Engineer: 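Okay, handing you the structure first.
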Amino acid sequence: MSNEHEVLVEKKQSDLKRKVERKEGEPTPAFVGASWGALLVGVAAYLIGLFNATMELNEKGYYFAVLIFGLYSAVSLQKAVRDKDEGIPVTTIYYGISWFALIVAISLMAIGLFNAGSIDLSEKGFYAMAFVLSLFAAITVQKNIRDTQRARERD
């Protein structure tokens with residue numbers, strides 16, 4: 001009986017080690033899942049809102065382009081900031097353009113929503129929150145991908 005108990009205890013311990021075993025610097029699966037979930041929820045909510053909106057097609061195209069521009073500029077800036085922090089060469093012009101692009105994307109969203117007379121205030125808030133959630137999640141997903149890659153390269 002004692003042998004069976006010891007075998008079960010060893011099996012449980014090895015199962016726990018397998019589940020917890022992550023490489024140093026690698027994000028947890030829960031954090032990775034939450035990041036991807038936030039990105040999908042933010043982008044999906046924004047796009048569903050655009051699809052259901054009563055605004056004209058050119059307005060929908062504007063808000064779609066601002067979302068894509070914002071996502072790209074946020075990821076680009078995050079990469080430039082991290083590269084610079086890790087001693088990877090980043091040109092000053094690229095670093096500056098990355099900041100400028102993100103500021104322009106956020107400004108275009110704010111100006112567009114401020115001047116949109118056909119959109120209710122609650123709908124404006126919805127688009128703004130979905131936009132911010134999407135930008136934040138895109139940065140986090142990119143960071144997780146890079147952290148995972150870096151942790152695997154160390155082995």
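From a predicted model like this one, the values you see are computed outputs, not experimental measurements. Residue numbers run from 1 in the order of the sequence given. Side chains included, hydrogens not; waters and symmetry mates left out as well; all remaining heavy atoms used.
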Engineer: Would you call Phe114 and Lys124 a side-chain contact if the rule is heavy atoms closer than 4.5 Å?
Structural biologist: no

Engineer: Going only through I, L, V, M, F, W and Y residues with side-chain contacts under 4.5 Å, is there a path from Leu47 to Tyr62?
Structural biologist: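 In one cluster: yes.
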
Engineer: Count I, L, V, M, F, W, Y as connected when their side-chain heavy atoms are under 4.5 Å apart, and connections chain through other members. Are Val43 and Phe136 then in the same cluster?
Structural biologist: no

Engineer: Any link between Ile145 and Val75 through a network of hydrophobic side chains (Ile, Leu, Val, Met, Phe, Trp, Tyr) touching at under 4.5 Å?
Structural biologist: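 Each belongs to a different hydrophobic cluster.
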
Engineer: Could you report the tightest heavy-atom contact between Glu26 and Arg152, atom names first, then the distance?
Structural biologist: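 Smallest interatomic distance, heavy atoms only, reads OE2-NH2, 3.9 Å.
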
Engineer: Where is the tightest heavy-atom contact between Phe131 and Val66, given as atom of each residue plus distance?
Structural biologist: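 Heavy-atom minimum between the residues: CE1-O, 3.7 Å.
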
Engineer: Is it the case that atom CZ in Phe126 sees more than 12 heavy atoms from other parts of the structure closer than 6.0 Å?
Structural biologist: yes

Engineer: To the nearest 0.5 Å, tell me how far Phe69 CZ sits from Ile106 CD1.
Structural biologist: 10.0 Å

Engineer: Less than 4.5 Å apart, any side-chain heavy atom of Thr140 and any of Asn144?
Structural biologist: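 They are in contact (side-chain heavy atoms under 4.5 Å apart), so the answer is yes.
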
Engineer: Using 0.5 Å steps for rounding, measure from the OG1 atom of Thr148 to the CD atom of Glu153.
Structural biologist: 11.0 Å

Engineer: Locate the shortest heavy-atom distance separating Glu123 from Ala53; write the atom from each residue and the value.
Structural biologist: OE2-CB, 3.9 Å

Engineer: Please report the C-alpha distance between Leu39 and Ser35 in whole Å, then the side-chain angles of each, then the deciding distance to 0.1 Å, and finally whether the side chain to side chain contact (heavy atoms under 4.5 Å, CB included) criterion is met.
Structural biologist: CA-CA 6 Å; Leu39 180 61; Ser35 302; over 6 Å; no

Engineer: Show your working on side chain to side chain contact (heavy atoms under 4.5 Å, CB included) between Val32 and Val141 and close with a plain yes or no.
Structural biologist: CA-CA 7 Å; Val32 171; Val141 165; over 6 Å; no

Engineer: Ser76 pairs by side-chain contact (heavy atoms from CB on, under 4.5 Å) with which of Trp99, Tyr94, Tyr95?
Structural biologist: Tyr94

Engineer: To the nearest 0.5 Å, what is the distance between OG (Ser118) and CD (Glu56)?
Structural biologist: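 One gets 8.0 Å once the value is rounded to the nearest 0.5 Å.
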
Engineer: Would you name the heavy atoms of Gly70 and Ala105 that are closest together and state the gap between them?
Structural biologist: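 Nearest pair, atom of Gly70 first, then Ala105: CA-CB, 3.6 Å.
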
Engineer: Quick check: closest heavy atoms across Met109 and Tyr127, and the distance to 0.1 Å?
Structural biologist: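 Looks like CE-O, 4.4 Å.
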
Engineer: Would you say Val104 ends up clustered with Leu77 if hydrophobic residues are merged whenever their side chains have heavy atoms under 4.5 Å apart, either directly or through other cluster members?
Structural biologist: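 Leu77 and Val104: one cluster.
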
Engineer: For a 4.5 angstrom cut-off between non-hydrogen side-chain atoms, does Leu71 reach Ser134?
Structural biologist: yes

Engineer: Going by atom type alone, with no hydrogens or angles, which donor-acceptor pairs under 3.5 Å involve a side-chain atom of residues 82-90 and a protein atom two or more places apart or on another chain?
Structural biologist:
| unit_1 | atom_1 | unit_2 | atom_2 | d |
| --- | --- | --- | --- | --- |
| Arg82 | NE | Glu86 | OE2 | 2.8 |
| Arg82 | NH1 | Asp147 | OD1 | 2.6 |
| Arg82 | NH2 | Glu86 | OE2 | 3.4 |
| Arg82 | NH2 | Asp147 | OD1 | 2.4 |
| Asp83 | OD1 | Arg146 | NH1 | 2.7 |
| Asp83 | OD1 | Arg146 | NH2 | 2.4 |
| Asp83 | OD2 | Lys79 | NZ | 2.6 |
| Glu86 | OE1 | Arg146 | NH2 | 3.0 |
| Glu86 | OE1 | Arg150 | NH1 | 3.1 |
| Glu86 | OE1 | Arg150 | NH2 | 3.0 |
| Glu86 | OE2 | Arg150 | NH1 | 3.4 |

Engineer: Kindly give the heavy-atom pair with the smallest separation between Leu50 and Tyr63, and that separation in Å.
Structural biologist: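 The pair with the smallest heavy-atom distance is CD2-CB, 3.7 Å.
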
Engineer: Rounded at 0.5 Å granularity, tell me how far OG1 in Thr91 sits from CD1 in Ile97.
Structural biologist: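 Answer rounded to 0.5 Å: 7.5 Å.
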
Engineer: Is it possible for you to say whether Phe64 and Ile119 belong to one hydrophobic cluster, with membership spreading through side-chain heavy-atom contacts below 4.5 Å?
Structural biologist: yes

Engineer: Return yes if some donor-acceptor pair links the side-chain N/O of Tyr46 with the main-chain N/O of Leu133 below 3.5 Å, else return no.
Structural biologist: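 Checked: no pair found.
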
